[in-house]
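Within every chain, numbering begins at 1; the chains are lettered A, B, ... in the order of the sequence lines, protein sequences first and strands thereafter.
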Number of protein chains: 2
Amino acid sequence: MELKQVEKIAKALGDINRLKILQYMHQHDGRVECMELGNIINLAQPSISHHIKKLTEAGLIEPQKDGRYYLYTLNQTTWQEYVQAIQTL
Amino acid sequence: MELKQVEKIAKALGDINRLKILQYMHQHDGRVECMELGNIINLAQPSISHHIKKLTEAGLIEPQKDGRYYLYTLNQTTWQEYVQAIQTL
DNA sequence: TTAATCAATCGAAACTTTCGAATATATAAA
DNA sequence: TTTATATATTCGAAAGTTTCGATTGATTAA
C-alpha cells in the first residue's frame with residue numbers, strides 16, 4: 001500500500017466518532033445500518049453522513065443501498081492492508 | 001488501548017511527513033538524528049520540530065538529548081499496541 | 001397523486017492543523 | 001567571555017475539518 005493511502009486511512013481513523021462506527025461494525029459482523037448510527041454516535045444526521053463519506057472515501061467501508069435504507073460493510077481487505085502497511089512500515 | 005489514544009495516534013499518522021519520518025526510522029533500527037530529518041522531509045526547521053512534537057505527544061517516538069543533538073527512538077511498545085488495537089478493534 | 005422517511009448536499013460558523021518567520025534556549029567552539 | 005550551531009517555542013495566516021440547520025432527492029406508504 002502506498003504511503004499516500006496509509007495517510008488517507010490514518011486521517012479517517014483520526015476521529016473518535018469514526019472509530020466508534022468502525023468498532024461497532026467490527027463487533028457486528030462488519031456491518032451497520034445507517035439508521036443505527038444515530039445511537040452509536042450522538043450527532044445530527046448531516047454530520048453522520050459526513051463521517052460515513054470520509055470512511056467510504058478512505059476505502060474502509062462500502063455502502064449498499066436497499067430501498068430507502070443503506071447498509072455499510074467493512075472492507076476487510078483495505079483494513080488488513082492498512083494493518084499490514086503500518087506493521088511493516 | 002483506549003479509543004481516545006487510538007484516535008491520537010491515528011491523527012499523528014495522518015500526515016505524509018510524519019509517516020516518512022517513521023518509515024525512515026523503521027528502516028534504520030528505529031532511530032533518527034534530528035539533523036537527518038531535513039533530508040527526509042523537505043520542510044523548514046520549525047515545521048520539522050512541530051511534527052516531531054506530534055509524534056512525541058502521541059507516544060510514538062522518544063527524544064534523547066545528547067549535547068546539542070537529539071536522537072529520536074521509536075517506541076515499539078506504543079507502535080505494537082496501536083497495531084493490536086486496530087486489529088482487534 | 002400526496003405525505004412521510006432516509007440520506008446526501010449546501011452553506012456558514014467554529015475549530016484545528018499546517019507551516020514559515022521571528023525569537024528563544026541550550027550547548028559547544030573559539 | 002563571544003560566537004556559532006542545534007533545536008524549541010511562539011505567533012499569525014492560510015487551509016482544512018467538523019458541526020448542524022436548511023434544502024434536496026430518492027424511495028416507500030397511504
Mapping B/Pro46 and A/Asp66 onto DNA chain D by nearest heavy atom, which one lands closer to the 5' end?
-> B/Pro46
Which sits closer to the 5' end of DNA chain D, A/His51 or B/Pro63, going by the nucleotide each is nearest to?
-> B/Pro63
Give the rounded distance in Å between these two atoms: [atom1] of [X] and [atom2] of [N].
{"X": "B/Met35", "N": "D/dA4", "atom1": "CE", "atom2": "P", "answer": "17 Å"}
{"X": "A/Lys53", "N": "C/dC10", "atom1": "NZ", "atom2": "P", "answer": "8 Å"}
{"X": "B/Tyr69", "N": "C/dT27", "atom1": "OH", "atom2": "C1'", "answer": "10 Å"}
{"X": "B/Glu33", "N": "D/dT5", "atom1": "CD", "atom2": "P", "answer": "18 Å"}
{"X": "B/Leu55", "N": "C/dT17", "atom1": "CG", "atom2": "P", "answer": "14 Å"}
{"X": "B/Ile16", "N": "C/dC19", "atom1": "CD1", "atom2": "P", "answer": "12 Å"}
{"X": "B/Arg68", "N": "C/dT27", "atom1": "CZ", "atom2": "P", "answer": "11 Å"}
{"X": "B/Lys11", "N": "C/dT18", "atom1": "NZ", "atom2": "P", "answer": "10 Å"}

For the hydrophobic clusters of this structure (ILVMFWY residues joined by side-chain heavy atoms under 4.5 Å, transitively), does one cluster hold both B/Leu89 and A/Ile21?
-> yes
Determine whether A/Ile9 and A/Met1 make a side-chain contact, defined as any pair of heavy atoms from C-beta on separated by less than 4.5 Å.
-> yes
At less than 4.0 Å, is any side-chain N or O atom of [X] found next to OP1 or OP2 of [N]? Yes or no.
{"X": "A/Asn17", "N": "D/dT19", "result": "yes"}
{"X": "B/Ser47", "N": "C/dT18", "result": "no"}
{"X": "A/Ser49", "N": "C/dA8", "result": "yes"}
{"X": "B/Arg18", "N": "C/dT18", "result": "yes"}
{"X": "A/His50", "N": "D/dT18", "result": "yes"}

Within a radius of less than 6.0 Å around CD of B/Glu2, do more than 12 heavy atoms belonging to other residues, nucleotides or ligands occur?
-> no
Sugar-phosphate, base or nothing in reach of B/Ile52, heavy atoms under 4.0 Å = nothing
Residues in ring pair (Phe, Tyr, Trp, His ring centres under 6.0 Å) contact with A/His51, at least two apart in sequence or another chain | none
Residue A/Lys65, side-chain atoms from C-beta onward, closest of D/dC20, D/dA26, C/dT18 = D/dA26
Is any N or O donor-acceptor pair between the side chain of B/Gln45 and the base of D/dA6 shorter than 3.5 Å?
-> no
B/Tyr82 side chain to B/Gln5 side chain, donor-acceptor N/O pair below 3.5 angstrom | no
